[in-house]
2 protein chains.
Amino acid sequence: MAREPEANETAPPGPTGSGPDPGTGSGSWTGTGPGTVRPGGRTARVREAVLRAAGDALAECGFAHLDLADVARRADVGKTTVYRRWGTVNGLLADLLSEMAESSLPRTDTGTLLGDLKANAALVRRTLTDPRQGPLFKALIAAATCDERTAEALRRFYAARVEEWVPCVRQGVARGEVPEGTDPHEVVRAVSAPLYYRLLASGGPLDETCAERAAEAAYEAARVGAYRTGAYRIGGEQPNEGE
Amino acid sequence: MAREPEANETAPPGPTGSGPDPGTGSGSWTGTGPGTVRPGGRTARVREAVLRAAGDALAECGFAHLDLADVARRADVGKTTVYRRWGTVNGLLADLLSEMAESSLPRTDTGTLLGDLKANAALVRRTLTDPRQGPLFKALIAAATCDERTAEALRRFYAARVEEWVPCVRQGVARGEVPEGTDPHEVVRAVSAPLYYRLLASGGPLDETCAERAAEAAYEAARVGAYRTGAYRIGGEQPNEGE
DNA sequence: GGCTTAACGGGACTACTTTCCCGTTAAGCT
DNA sequence: AGCTTAACGGGAAAGTAGTCCCGTTAAGCC
């Protein structure tokens, strides 16, 4: 490989995004990238159209076959504009993820932790089996494996999603359903993990059964304290803590 | 997008691989692809060198920046050879996965299911945190999201890995550690899932604690029957099952 | 050892992706 | 409304990935 600057890995195209700081990683950006000085009207419309088109293209073609000129065509926008504002495929996807992180669906509240976890599992399952969202998520995760900036955006996205459901676990602790000291984030992640593992690695149906199992397994593990912070040993051999 | 035949999606370069049928999906291949008539000597050396080079390149550059000409250079092989035998990046990766599926590490036998699951979690963790293997797995999963043939090869790979550890769960059932009817595959997958979720989506340390938790959570969930085939309801879907 | 031809290798050629140039449009401000 | 210039858009130019042609090497077989 002999690729060199890779455009905005060094800085050129700028952080993109419309807000004051979409948080693409380079917090110390002071120069003026396209879209930062006059973010209203046309610029905002262009961003919206391009991000939508990028999502469509990703869902249809997958990450590998994504062509920015094609995205530009779908968005009815000049391809030069796309290259100038986002620079590369990864720059565009990072921005798309920032956008997605802001539009998180509200959690449900069923009254029991198990019910909430099942609702969460069902939501994740619906998302991943959706004809548009499923391929889109696959593509975004694939993109994140190739680019640190995209990976960071993806982590932030999931952090936001997890945070939304954390209160369910906190309530579960307060109600005494799971022990004091349970790490709420870990429980929420434990619900999603098996579904993503199926989607990306092992394959398999991703049906309701599978979602329920994920929720129940996380719930039961949490009940016996598997996600408590600090030491937890079910007859473990030695008390070796991490790293 | 206006990409057309995409080479071997229709057939041209052939199934590749060295064995009689590496099983790349097209089982009805009768023509002679390169590498099938004289698979000995040079051909085998070329395949080995190219697959190794492909793994190196993937681990270093990631899936998106993989260039077959670069792989050829690393392998000290003409790029024409690579294009002729494997056709595309995905064809090459599918072959790489077939190769990897055959070299599965033997499971350990600690005498208890929890011990075995912990050993499995530790193995997966070591693999995913390895400087070469980690990026390689990421890249392969990314590739699988873009191409059905690669995805199929990946599923076979994980099926083989899971199968290796299934006997641990069977023994656990026989010893009465987990209930009759427990789906062994599901338990083994449940151990890996949280680790892969961290690697690909949520991010996070992937330390020993995390691996132990994954094993313990799967174990506890299995104990209460969360992975039994057929119906499993902890108080059904109605809220408030009492505690 | 000699023969046949599968498989390899170099390099020109084609197709596609990305960048650059420069004229046009419209956002933000008074 | 009018002015300034940020941001857009089309098309040419440059760069890169993938294909094809044809001569060379060596695997398989006697």
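Reminder, nothing fancy here: chain letters follow the sequence lines and each chain counts from 1.
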Quiz item: If you draw a 6.0 Å radius around CZ in A:Arg52, do more than 12 non-hydrogen atoms from other residues or ligands fall strictly inside?
Solution: no
Quiz item: Does any pair with a residue in residues 126-137 of chain A pass side-chain hydrogen bond (donor to acceptor under 3.5 Å, both in side chains), and if so which ones, sequence neighbours excluded?
Solution: A:Asp56-A:Arg132
Hey, what are the protein-to-nucleotides 11-13 of chain C N/O distances that come in under 3.5 Å?
{"from": "C:dG11", "atom 1": "O6", "to": "B:Thr80", "atom 2": "OG1", "distance (Å)": "3.1"}

Quiz prompt | Nucleotide C:dC22, atom P - distance to OH of A:Tyr83 in whole Å | solution = 21 Å
Practice problem: Find the distance B:Asp70:CG to D:dG15:C1' and express it as a whole number of Å. | Solution: 17 Å
Self-check item: Residues B:Glu163 and B:Arg156 bridged, charged N to O under 4.0 Å
Solution: no
Quiz prompt | B:Arg85 CZ - D:dT19 C1' separation (whole Å) | solution = 19 Å
Quiz item: In this structure, are over 12 heavy atoms from other groups packed under 6.0 Å from B:Glu148 atom CD?
Solution: yes
Self-check item: Inter-axis angle, terminal five-pair segments of the helix from C:dG1-D:dC30 to C:dT30-D:dA1 [nearest 10°]
Solution: 60°
Quiz item: Within this structure, what is the CZ-to-C1' distance between A:Arg84 and D:dG10, rounded to whole angstrom?
Solution: 11 Å
Practice problem: Report the distance from atom NZ of B:Lys138 to atom CG of A:Leu200, rounding to the nearest 0.5 Å. | Solution: 13.0 Å
Self-check item: Interatomic distance where CG belongs to A:Asp76 and P belongs to D:dG10 [whole Å]
Solution: 9 Å
Quiz item: A:His65 NE2 to D:dA17 P: how many Å, rounded?
Solution: 16 Å
Quiz item: With a 4.0 Å cut-off, would you call A:Arg155 and A:Glu152 a salt bridge?
Solution: yes
Exercise. In whole angstrom, give the distance that lies between atom CG of A:Leu68 and atom C1' of D:dG15.
Key: 16 Å
Quiz item: Which whole-number value in Å describes the distance from A:Trp86 CH2 to D:dA7 C1'?
Solution: 11 Å
Would you list the protein and nucleotides 27-30 of chain D atom pairs, both N or O, that sit under 3.5 Å from each other?
{"from": "D:dA27", "atom 1": "OP1", "to": "B:Arg42", "atom 2": "N", "distance (Å)": "3.3"}
{"from": "D:dA27", "atom 1": "N3", "to": "B:Arg38", "atom 2": "NH1", "distance (Å)": "3.1"}
{"from": "D:dA27", "atom 1": "N3", "to": "B:Arg38", "atom 2": "NH2", "distance (Å)": "3.4"}
{"from": "D:dG28", "atom 1": "OP1", "to": "B:Gly40", "atom 2": "N", "distance (Å)": "2.9"}

Quiz prompt | Residues that B:Tyr196 engages under side chain to side chain donor-acceptor pair (under 3.5 Å), provided they are two or more places apart | solution = B:Tyr158
Quiz prompt | Donor-acceptor pair between B:Asp95 and B:Trp86 side chains, under 3.5 angstrom | solution = yes
Quiz item: Should A:Glu186 and A:Arg189 be marked as a salt bridge (Lys or Arg N to Asp or Glu O under 4.0 Å) after you check the CA-CA gap, both sets of side-chain angles, and the distance that decides it?
Solution: CA-CA 5 Å; A:Glu186 201 64 19; A:Arg189 284 193 290 256; 2.7 Å; yes
Quiz item: Rounded to the nearest 0.5 Å, how far does CG of A:Leu66 lie from CD of A:Glu60?
Solution: 11.0 Å
Self-check item: Residues that A:Arg161 engages under salt bridge (charged side-chain N to carboxylate O under 4.0 Å, His left out), provided they are two or more places apart
Solution: none
